[in-house]
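Positions are given from 1, in the same order as the sequence printed here. The shown structure was predicted, so the numbers you read here are calculated from the model rather than taken from an experiment.
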Amino acid sequence: MRPITTCGLFVVLLTRGLLFEGTSAVADELSPAAKLFAPTNLVAWCIVPFDANKRGPAERAEMVKRLGLSRVAYDWRDEHVASFEQEIEQYKKHGIEFFAFWSWHDAIEPLIKKHGIKPQIWVMLHSPTDGDQAEKVAAAAKSMLPMVEKTRELGLKLGIYNHGGWSGEPGNMVAVCQYLREHHRADHVGIVYNFHHGHEHVADFPKLLAEMSPYLICLNLNGMAEPAAVDGNKNKILPIGAGKHEHEMIREIIKQGYTGPIGILDHRNELDSEESLRQNLEGLANLVGQLH
């Protein structure tokens, strides 16, 4: 495994002349692109059940810290429920933000209160099959109401997560966000958009990004092959820089002025999460360098 500097992407960008040297306020002096992709704005995603090395909470926190990252979106399976609190404690110990939590489990609620954390909650919409578009939007919004109220009570953001189907179409996610904000005062509800679940959106990405922009609370990147080349899991998950379309999609993100969190993912069962994240960090640095 190749070594990586403890400052990760920050140092790569610095050596490429994308960051300003020699001041303690360097983060305030970055170009918009460099600030957007600085390690402090990056979120490690899909690094728990997909890690080939099956790390525990302490090893995972050490790995994230070693890569120079400071935020994790936490995905989990049933076997991880018992270690929720250990995960939170290890992130605190290593100065890592428990940035987001996948779906919901009642066991996380008392820990959110006990540890004073404020993770975004990422959930998929229900995909209605009956009625016209307006009725489908209203039905999908209604299905969200328990989590809307739960996250409101806890002071958390609630992210609608694209995962294919009707519920993963940007226009439908935007419509549900608008409905919830208009009818239920749910301004804390937004959109989490994933490149790896949006291959069919590549051609229209500039238009769709503009529609989602007012509601985006996180953008998760991926290497993007030709949509026709994605067959099941084949070519679905690629390192940033290994695909054909992410360069222009990332250029569009910068052009449209998105300034929110950026997720980089593992999601590759066959690979050590550290190596997968490193590939994405290096690919992202190269793309940002080319865009600059």
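Hydrophobic clustering, with ILVMFWY side chains joined whenever heavy atoms are under 4.5 angstrom apart, groups Ile121 together with Leu111. The hydrophobic clustering, which links ILVMFWY residues whose side-chain heavy atoms are closer than 4.5 Å, places Leu238 and Phe50 apart. Hydrophobic clustering (ILVMFWY, side-chain heavy atoms < 4.5 Å, transitive): Leu271 and Ile47 are in distinct clusters. Hydrophobic clustering (ILVMFWY, side-chain heavy atoms < 4.5 Å, transitive): Tyr193 and Tyr258 are in one cluster.
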### Query
Going through the checks in order, is the side chain to side chain contact (heavy atoms under 4.5 Å, CB included) test met by Ile217 and Val189?
CA-CA 9 Å; Ile217 60 174; Val189 177; over 6 Å; no

### Task
Could you walk me through whether Glu246 and Leu287 pass the side chain to side chain contact (heavy atoms under 4.5 Å, CB included) test, one step at a time?
CA-CA 9 Å; Glu246 67 270 22; Leu287 284 188; 3.7 Å; yes

### Task
List the steps, then state whether side chain to side chain contact (heavy atoms under 4.5 Å, CB included) holds for Glu252 with Met249.
CA-CA 5 Å; Glu252 191 64 32; Met249 294 170 76; 5.6 Å; no

### Query
Do Lys136 and Asp130 pass the salt bridge (Lys or Arg N to Asp or Glu O under 4.0 Å) test, and can you show the C-alpha distance, the side-chain angles, and the key distance before you say yes or no?
CA-CA 7 Å; Lys136 288 179 179 178; Asp130 299 325; over 6 Å; no

### Message
Could you go through Lys114 and Glu85, starting from their C-alpha distance and side-chain angles, then the distance that decides it, and tell me whether this counts as salt bridge (Lys or Arg N to Asp or Glu O under 4.0 Å)?
### Response
CA-CA 10 Å; Lys114 176 180 177 180; Glu85 186 161 29; 2.7 Å; yes

### Query
Going through the distances and angles, do Glu109 and Lys150 end up as a salt bridge (Lys or Arg N to Asp or Glu O under 4.0 Å)?
CA-CA 9 Å; Glu109 183 171 355; Lys150 175 70 69 177; 2.9 Å; yes

### Task
Start with the C-alpha gap between Met224 and Lys244, add the side-chain angles, then the distance that decides, and say whether side chain to side chain contact (heavy atoms under 4.5 Å, CB included) holds.
CA-CA 6 Å; Met224 298 296 282; Lys244 183 175 180 180; over 6 Å; no

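Atoms NZ and CD, on Lys142 and Glu135 in that order, are 12.5 Å from each other to the nearest 0.5 Å. To the nearest 0.5 Å, atom CG of residue Leu277 and atom CG of residue Leu284 are 12.0 Å apart. Residue Lys207 holds its NZ atom at 4.0 Å from CD of Glu211, rounded to the nearest 0.5 Å. Here the straight-line distance linking atom CG of Leu209 with atom CG of Leu216 works out to 6.5 Å at 0.5 Å rounding. To the nearest 0.5 Å, atom OH of residue Tyr215 and atom CG of residue Leu180 are 11.0 Å apart. The structure places CG of Leu156 at 9.0 Å from CG of Leu158, a figure rounded to the nearest 0.5 Å.
Using modelled atom types, one finds no donor on one side chain facing an acceptor on the other under 3.5 Å when comparing Glu182 with Gln178. Between His126 and Ser167, the side chains place no donor N or O within less than 3.5 Å of an acceptor N or O (distance only, hydrogens not considered). Using modelled atom types and a 3.5 Å distance limit, the side chains of Arg268 and Gln279 yield a donor-acceptor pair. A donor atom on one side chain and an acceptor atom on the other are found under 3.5 Å apart for Gln133 and Asn172.
Without hydrogens or angle criteria, Asn280 side chain to Pro239 main chain gives no donor-acceptor distance under 3.5 Å. The backbone N or O of His197 lies less than 3.5 Å from no partner atom in the side chain of Asn194, so there is not a single donor-acceptor pair. Of the possible polar contacts, one joining the Asn222 side chain to the Lys236 backbone as a donor-acceptor pair under 3.5 Å is found. A donor-acceptor pair is defined here as one N or O able to donate and one able to accept, closer than 3.5 Å; such a pair exists between the side chain of Gln256 and the backbone of Pro206. Looking only at distances, a side-chain donor or acceptor of His105 sits under 3.5 Å from a matching main-chain atom of Ala107.
Residues Pro227 and His245 approach most closely at CD-NE2, 4.2 Å, considering heavy atoms. When all heavy atoms of Leu221 and Ile240 are compared, the closest pair comes out as CB-CD1, 3.8 Å. The minimum heavy-atom distance between Thr259 and Asn41, with the atom names listed, is O-ND2, 4.3 Å. Pairing each heavy atom of Cys177 with each of Ile191, the nearest pair is SG-CG1, 3.7 Å. Nearest heavy-atom pair, Leu67 versus Leu281, reported as atom, atom and distance to 0.1 Å: O-CD1, 4.1 Å. His115 and Ile88 get closest at one heavy-atom pair: CG-CG2, 3.7 Å.
A salt bridge does not link Lys92 to Glu89: none of the charged side-chain nitrogens sits closer than 4.0 Å to a carboxylate oxygen.
At a threshold of 4.5 Å between non-hydrogen side-chain atoms, the residues Ser273 and Asn53 do not count as touching. Residues Ile264 and Val43 are not in side-chain contact: their nearest non-hydrogen atoms beyond the backbone lie 4.5 Å or more apart. For the pair Phe37/Ile254, a side-chain contact is recorded, criterion being any heavy-atom separation below 4.5 Å from C-beta on. You'll find the side chain of Asp266 stays beyond 4.5 Å of the side chain of Ile237, heavy atoms only. Taking the side chain as every heavy atom from C-beta outward, Arg55 and Asp272 approach each other to under 4.5 Å. The shortest side-chain heavy-atom distance between Leu219 and Pro261 does not fall under the 4.5 Å cut-off. Between Trp166 and Pro128, the closest side-chain pair of non-hydrogen atoms falls below 4.5 Å. Counting only heavy atoms from C-beta outward, the side chains of Glu169 and His201 approach each other to under 4.5 Å.
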Distance-only donor-acceptor pairs under 3.5 Å for side chains of residues 70-78, two or more places apart:
from, atom 1, to, atom 2, distance (Å)
Arg71, NE, Glu97, OE1, 3.0
Asp75, OD1, Val48, N, 3.4
Trp76, NE1, Trp102, O, 2.8

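Aromatic rings of Trp122 and Trp45 (six-membered ring for Trp) have centroids within the 6.0 Å cut-off, being under it. Proximity of the aromatic rings of Phe84 and Phe101 is defined here by a centroid distance below 6.0 angstrom, and this criterion is met.
The residue from Arg60, Lys65, Arg66 that alone fulfils the salt bridge (charged side-chain N to carboxylate O under 4.0 Å, His left out) condition with Glu274 is Arg66. Test His188, Lys157, Gln120 against Thr151 for side chain to side chain donor-acceptor pair (under 3.5 Å) and you get one pass: His188. Here the options are Val64, Thr40, Ile96, the test is side chain to side chain contact (heavy atoms under 4.5 Å, CB included), and the partner is Leu69; only Val64 passes.
More than 12 heavy atoms of other residues, nucleotides or ligands lie within 6.0 Å of NZ in Lys54, so this atom counts as buried by the packing criterion.
In this pair, His183 and Tyr179 present their aromatic rings tilted. The plane angle is within the 30 to 60° band. Using cut-offs of 30° and 60° for the angle between ring planes, the Phe195 and Phe205 rings count as perpendicular.
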